[in-house]
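This report refers to the structure that appears directly beneath it.
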Amino acid sequence: MIPRFLIAAGFLAIVQPARAQEIAIHSEFQRMDPWGRVIPQDLDLNPREILSPALPRNGHLSVHLVVTAPPGTNYFLYAGANPENVLRVQIYREHFVPCGESLCPDWLTPVQSPVFGAMPESVYDMPGQTARSYLLDIWAPPDAIPRRVRIEALIKTGIWDVAPMEVRIVRATIPDGPLRTGEEIAPLEAPSSATAQLQLLRYMAGLEPVIPGGILRLRDILQRNAAEDMLLARSFPRSLPELNFFGWRPLAAPAPGAEWYLRVRDFLFRYGY
């Protein structure tokens, strides 16, 4: 659990004037490059503001934590739940790799809070880097009581900055069951939602979801999360194509915007109550 004086310092940071350093939360489908820009494949004209996301029981919620600061900055990153014994929180450092004409995060290294970081992470590979990306992976136990839990992410340089988020544990519960493991991810150059779409298409074809054998990359996280969504969908009494929750377009056709899959997840969590 983050010490109370750190939390208090974070709240004070909210009312301070704009500063050079910043920490921000983005959905799992919004990858940022080393300069804090959304990569072209994941652009959305109306990106979702991640303030109070839903989390199903026995399921995961994953978001990007993006730290921006001038080159030459050192910082500490803190993240955790308050209260601390309700959710399981894991932080991953995201490593940038070539991605089309840009650089995007893919490989993951688990780290423990507090995390020390420097900008740039490599003076040789990215001398002008101004943004570093982390993944916050949150799991709710199957017996969790539906409630709201505060997640705090703070950075400290000479001063504090905070990105607050209130997770809503919902009644929808991801079913347990034996699953086939295997890699089923989209190419790195594809939009992030393309990996989730593969699991949605499997569901529509009557196939069970495929869970990755391990968590090594961001795309493994995306595959796992979408597989959990489809496990929930398979527990419903009717198939999603019959429900036709988009109404105005086929279920498997992406809606406008890079975060279209979040609409699928919204529906599943509501229907799974």
Side-chain angles (χ1 to χ4, degrees), residues 1-16 21-32 36 47-69 75-94 105 108-117 131-157 159-174 192 215 218 221-222 224-225 228-229 259 262 265-266 269:
M1 181 176 179
I2 299 173
R4 292 186 180 277
F5 80 89
L6 295 182
I7 297 171
F11 281 116
L12 290 175
I14 297 177
V15 299
Q16 297 296 321
Q21 96 262 1
E22 181 184 12
I23 183 169
I25 299 175
H26 303 274
S27 82
E28 64 194 274
F29 301 112
Q30 292 278 280
R31 292 172 293 178
M32 301 289 173
R48 185 170 297 194
E49 192 172 11
I50 309 299
L51 293 175
S52 185
L55 171 61
R57 297 182 292 183
N58 201 33
H60 291 83
L61 166 69
S62 306
V63 295
H64 295 289
L65 295 178
V66 178
V67 175
T68 57
Y75 62 87
F76 283 96
L77 168 67
Y78 300 84
N82 185 19
E84 64 177 359
N85 58 351
V86 177
L87 303 173
R88 187 179 71 199
V89 179
Q90 174 64 59
I91 306 173
Y92 292 93
R93 176 189 168 189
E94 298 184 319
L108 304 174
T109 300
V111 295
Q112 298 297 320
S113 180
V115 182
F116 174 78
R132 293 187 61 174
S133 189
Y134 300 84
L135 189 82
L136 193 60
D137 197 36
I138 308 166
W139 178 79
D143 58 351
I145 298 173
R147 58 179 294 187
R148 294 175 183 265
V149 178
R150 185 174 179 85
I151 300 292
E152 289 122 354
L154 305 96
I155 58 168
K156 181 183 185 300
T157 53
I159 51 180
W160 294 94
D161 204 353
V162 63
M165 180 174 68
E166 190 175 58
V167 172
R168 293 178 292 113
I169 304 175
V170 297
R171 295 188 181 276
T173 304
I174 306 300
S192 293
I215 301 299
L218 171 60
I221 293 280
L222 297 173
R224 181 206 62 195
N225 292 355
E228 290 180 351
D229 295 338
E259 293 181 322
L262 293 177
R265 186 168 288 156
D266 291 342
F269 294 171

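Position 1 is the first residue of the sequence; numbering continues from there. Note that the structure is a prediction, hence the values are computed from the model and not measured.
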Legend entry - Any Pro164 side-chain heavy atom under 4.5 Å of Arg150 side chain: yes

Inset, instruction - Could you grab the distance from atom CG of Leu135 to atom CD1 of Ile91, nearest 0.5 Å is fine? - result: 10.0 Å

Inset, instruction - Identify, with sequence neighbours excluded, every residue that meets side chain to side chain contact (heavy atoms under 4.5 Å, CB included) alongside Arg88. - result: His60, Trp139

Inset, instruction - Let me see the working for Ile25 and Glu49 under side-chain contact (heavy atoms from CB on, under 4.5 Å), right down to the final yes or no. - result: CA-CA 8 Å; Ile25 299 175; Glu49 192 172 11; over 6 Å; no

Inset, instruction - Run the salt-bridge test on Arg265 and Glu228 with the 4.0 Å N-O cut-off and return the result as yes or no. - result: no

Inset, instruction - Would you please name every residue forming a salt bridge (charged side-chain N to carboxylate O under 4.0 Å, His left out) with Arg93, sequence neighbours left out? - result: Glu121

Inset, instruction - Ignoring hydrogens and angles, tell me if any N or O in the side chain of Gln90 forms a donor-acceptor pair with the backbone of Val111 under 3.5 Å. - result: yes

Legend entry - Test log, rule side-chain contact (heavy atoms from CB on, under 4.5 Å), inputs Leu51 and Glu166: CA-CA 6 Å; Leu51 293 175; Glu166 190 175 58; over 6 Å; no

Legend entry - Test item: Phe269 and Asp229 side chains (from C-beta on) under 4.5 Å apart, heavy atoms: yes

Inset, instruction - Output all residues satisfying side chain to side chain contact (heavy atoms under 4.5 Å, CB included) with Thr68, sequence neighbours left out; order by chain, then residue number. - result: Glu22, Val66, Ala131

Legend entry - Interatomic distance, Arg57 atom CZ to Asp143 atom CG [nearest 0.5 angstrom]: 8.5 Å

Legend entry - Ile155, Ile23, Leu154 screened by side chain to side chain contact (heavy atoms under 4.5 Å, CB included) with Trp160, the one that passes: Leu154

Legend entry - Residues which pass side-chain hydrogen bond (donor to acceptor under 3.5 Å, both in side chains) with Ser133, listed by chain and number, not counting sequence neighbours: Glu94

Inset, instruction - Identify the heavy atoms of Pro56 and Val170 that sit nearest to each other, and give their distance. - result: CA-CG2, 3.8 Å

Inset, instruction - With rounding to the nearest 0.5 Å, note down the distance linking CE in Met165 to CG in Leu61. - result: 5.5 Å

Legend entry - Check against side-chain contact (heavy atoms from CB on, under 4.5 Å), Ile138 and Val167: CA-CA 9 Å; Ile138 308 166; Val167 172; 4.3 Å; yes

Legend entry - Separation of Tyr92 OH from Ile221 CD1 (nearest 0.5 Å): 5.0 Å

Legend entry - Worked check of side-chain contact (heavy atoms from CB on, under 4.5 Å) between His64 and Arg31: CA-CA 8 Å; His64 295 289; Arg31 292 172 293 178; 4.3 Å; yes

Legend entry - Spatial distance of atom CD1 (Ile151) from atom CD1 (Ile50) [nearest 0.5 Å]: 13.5 Å

Inset, instruction - Measure across Pro83 and Val86 and return the closest heavy-atom pair with its distance rounded to 0.1 Å. - result: CG-CG2, 3.8 Å

Legend entry - Nearest-0.5 Å distance that lies between atom CG in Leu87 and atom CZ in Arg147: 8.5 Å

Inset, instruction - Name all residues meeting the side chain to side chain contact (heavy atoms under 4.5 Å, CB included) criterion together with Ala24; count only those two or more places apart in sequence or in a different chain, and write none if there are none. - result: His26

Legend entry - Worked verdict on Ser62 versus Asp137 for side chain to side chain donor-acceptor pair (under 3.5 Å): CA-CA 4 Å; Ser62 306; Asp137 197 36; 2.6 Å; yes

Inset, instruction - Return the minimal non-hydrogen interatomic distance between Leu136 and Ala79, and the atom names on each side. - result: CD1-CB, 4.0 Å

Legend entry - Side-chain (Glu259) to main-chain (Arg48) donor-acceptor, under 3.5 angstrom: yes

Inset, instruction - Name all residues meeting the side-chain hydrogen bond (donor to acceptor under 3.5 Å, both in side chains) criterion together with Ser52; count only those two or more places apart in sequence or in a different chain, and write none if there are none. - result: Arg148, Arg168

Legend entry - Closest non-hydrogen atom pair between Leu77 and Ser113, with its separation: O-OG, 3.9 Å

